[in-house]
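In what follows, chains are A, B, ... by sequence order, proteins preceding strands, each numbered from 1.
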Amino acid sequence: MLDLRKVCANIELVKESIRKRGQDIDITELVSLSERRRELIIKIQNSRAELNRINDEIKTAISKNDSTILENRRSDLKKFSQSIKEMEKELDRVEEEINNQLLFIPNIPHFSVPYGKSSEDNVEIKRWGKKPEFSFEPKNHWDIGERLGILDFERAAKIAGTRFAVLKGMGARLERALIDFMLDIHINEHGYTEIWPPLMVNSRAMIGTGQFPKFKDDAFHIEGTDYHLIPTAEVPVTNLHADEILDINQLPLKYVSYTPCFRAEAGAAGKDTRGLIRQHQFNKVELVKFTHPKSSYDELESLLNDACKILERLNLHYRVVVLCTGDMGFSSAKTYDIEVWLPGQNTYREISSCSNFEDFQARRASIKFREGTKSKPEFVHTLNGSGLAVGRTLVAILENYQNEDGSVTIPEALRPYMGNKEILS
RNA sequence: GGAGAGAUGGCUGAGUGGUCGAAAGCACCGGUCUUGAAAACCGGCAGGGCGCUUAGUCGCCCUCGAGAGUUCGAAUCUCUCUCUCUCCGCCA
């Protein structure tokens, strides 16, 4: 959420940033509502001050047993407080409307974010490793996985539906190994603290990180409750510190959390219907940081590196792109996507998305810190990134490490997690 | 699921209709003392919002889990909700 005062003081900047994202949101009503809000507040406050003054008179009248003043004042007060209540009702309506509108305005992109309309305009900034060469035609991961008997989409469809998968035998083991492998690196080498959060959250948490109200249809909801299946660990982990003032000496706080993620994938009908790429349920190891505003962009770089490290250990070729203004997520001020090379599909595929939200989420969830012991609390900056999407990493391994006979070599770094097995066949 | 108790500042906790945005203690910050530290003593220490001719060691307003109500006036009384704890039941 943007700061109302800043929006009103920088109307053109906000309009421009909405336009750069390729969106069309009219903020003129918001600005006039803000003015109305200020008028009402001033009126109400003056009235209340007067009300309080009269109340003090009544107090003294009672202590002095002066019944004349008492009766005079009492008869007025009721009407007076009634009119205040009416103004307050209007103020409530105005503030609710302001809030509704603010919740739908996306974050302002960082100045370093390239302008663009779609993913076509994202800018590649880094490439690591190289594409593996094959003496045969590399297969898709679903063909490899089904032949090895470790992926089963048909039975998943039977028990749940489309966009689900069953992992079996060494497939399940590989998924579990990857989770452990990623967690160990982030915890032991990168200094993150592990979190095992609830997999369902209330709507307040979903508002806090920006999924609600705008993207309500993307989440699974448990009917008759206020529980929502988390679309990413970002939601519970970021909201862990909602309504808190964090100790500046503890910043940056770094958390890593493995969770299943649930997405309705509304609007993605027909996209990536085959394979593991786009599922209603998938596993992800998520990195979350709470930082001082001054260092958040440095922390974004190191978060990106932490995520890249996993692919490097697995020796998987990847590239990093900066998302352009038109392709960036709603809450983000700057996002890097890590895209892994998938030879079976002859393309780079997003495997991690690392973002700095600046104070956009912190303001929604009210997460603050204090610069000095006597300073006013300020909002922290929040960041997160996948470290990594587990299912897509499994896909990358199957496709990049496949052999001509249909077997798959297990990356060396992963073997200790796979009972020292070297090959899936 | 049943019964009971509770929710107050960073923490502990007092307060049952006006003298309360709030005692006391702890923690923290500043000062005095000290070679330094500790102790002792003195002082400070909640969040949010609005205003300004002087942007301040400034003025005002709101907030004692959330919301509604009673009252001239609510931390205090009533109702609803949320959460926490204890006991019982059930259960991985």
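Comparing B:A46 with B:G65, their C1' atoms are spaced 16 Å from each other, to the whole Å. With P as the reference atom, B:C77 and B:G59 are 33 Å apart, rounded to whole Å. Atom C1' of B:C58 sits at a distance of 9 Å from the matching atom of B:C52, rounded to the whole Å. Taking the P atoms as reference points, B:U34 lies 28 Å from B:C45, given to the whole Å. The separation of B:C62 from B:U57, taken at their P atoms, amounts to 25 Å, rounded to a whole angstrom. Nucleotides B:G10 and B:G18 are separated by 25 Å at their P atoms, to the nearest Å. Taking atom C1' in both B:C33 and B:A22, one finds a spacing of 33 Å when rounded to whole Å. Look at the P atom in both B:G21 and B:C60: the space between them is 13 Å, to the nearest Å.
Sorted by first then second residue, the side chain to side chain donor-acceptor pair (under 3.5 Å) pairs that include residues 378-397 of chain A, not counting sequence neighbours, are A:E234-A:N384, A:S296-A:H381, A:Q361-A:T382.
A salt bridge does not link A:K271 with A:E265: none of the charged nitrogens is closer than 4.0 Å to a carboxylate oxygen. A salt bridge links A:R155 to A:D152: one of the charged nitrogens lies within less than 4.0 Å of a carboxylate oxygen. Salt-bridge annotation for A:D272 and A:R349: present, with a side-chain N of the basic residue lying under 4.0 Å from a carboxylate O of the acidic one.
Mapping A:E88 and A:I245 onto RNA chain B via the closest heavy atom, the residue that lands nearer the 5' end is A:I245. Along RNA chain B, the nucleotide closest to A:I42 and the one closest to A:A49 are compared, and the more 5′ of them pairs with A:I42.
Scanning RNA chain B 5' to 3' for nucleotides with an atom closer than 4.0 angstrom to a non-hydrogen atom of chain A gives a first and last hit of B:G18 to B:G73.
In this structure A:E88 satisfies the salt bridge (charged side-chain N to carboxylate O under 4.0 Å, His left out) test together with A:R48, sequence neighbours excluded. Residues satisfying the side chain to side chain donor-acceptor pair (under 3.5 Å) criterion with A:E194, sequence neighbours excluded, are absent altogether. Annotation: ring-ring contact (aromatic ring centres under 6.0 Å, His included) contacts of A:F164 (sequence neighbours excluded): A:H280.
As judged by a 4.0 angstrom heavy-atom cut-off over every strand, A:K368 is placed among residues touching the sugar-phosphate backbone only. A:N52 comes within 4.0 angstrom of sugar-phosphate atoms only, judged by non-hydrogen atoms across all strands, and of no base. Residue A:R53 is classed as having no contact, given no heavy-atom separation below 4.0 Å to the nucleic acid. As judged by a 4.0 angstrom heavy-atom cut-off over every strand, A:R37 is placed among residues touching the sugar-phosphate backbone only.
Consecutive Watson-Crick or G-U pairing (both distances under 3.5 Å) extending over three or more pairs maps onto RNA chain B as B:1-7 with B:82-88, B:10-12 with B:24-26, B:28-32 with B:40-44, B:46-51 with B:58-63, B:65-69 with B:77-81.
Closest approach of A:I245 to A:P377, counting heavy atoms only: CD1-CG, 3.9 Å.
Taking the six-membered ring where tryptophan is involved, the planes of A:F212 and A:H228 are perpendicular, since the angle between them exceeds 60° and thus also 30°.
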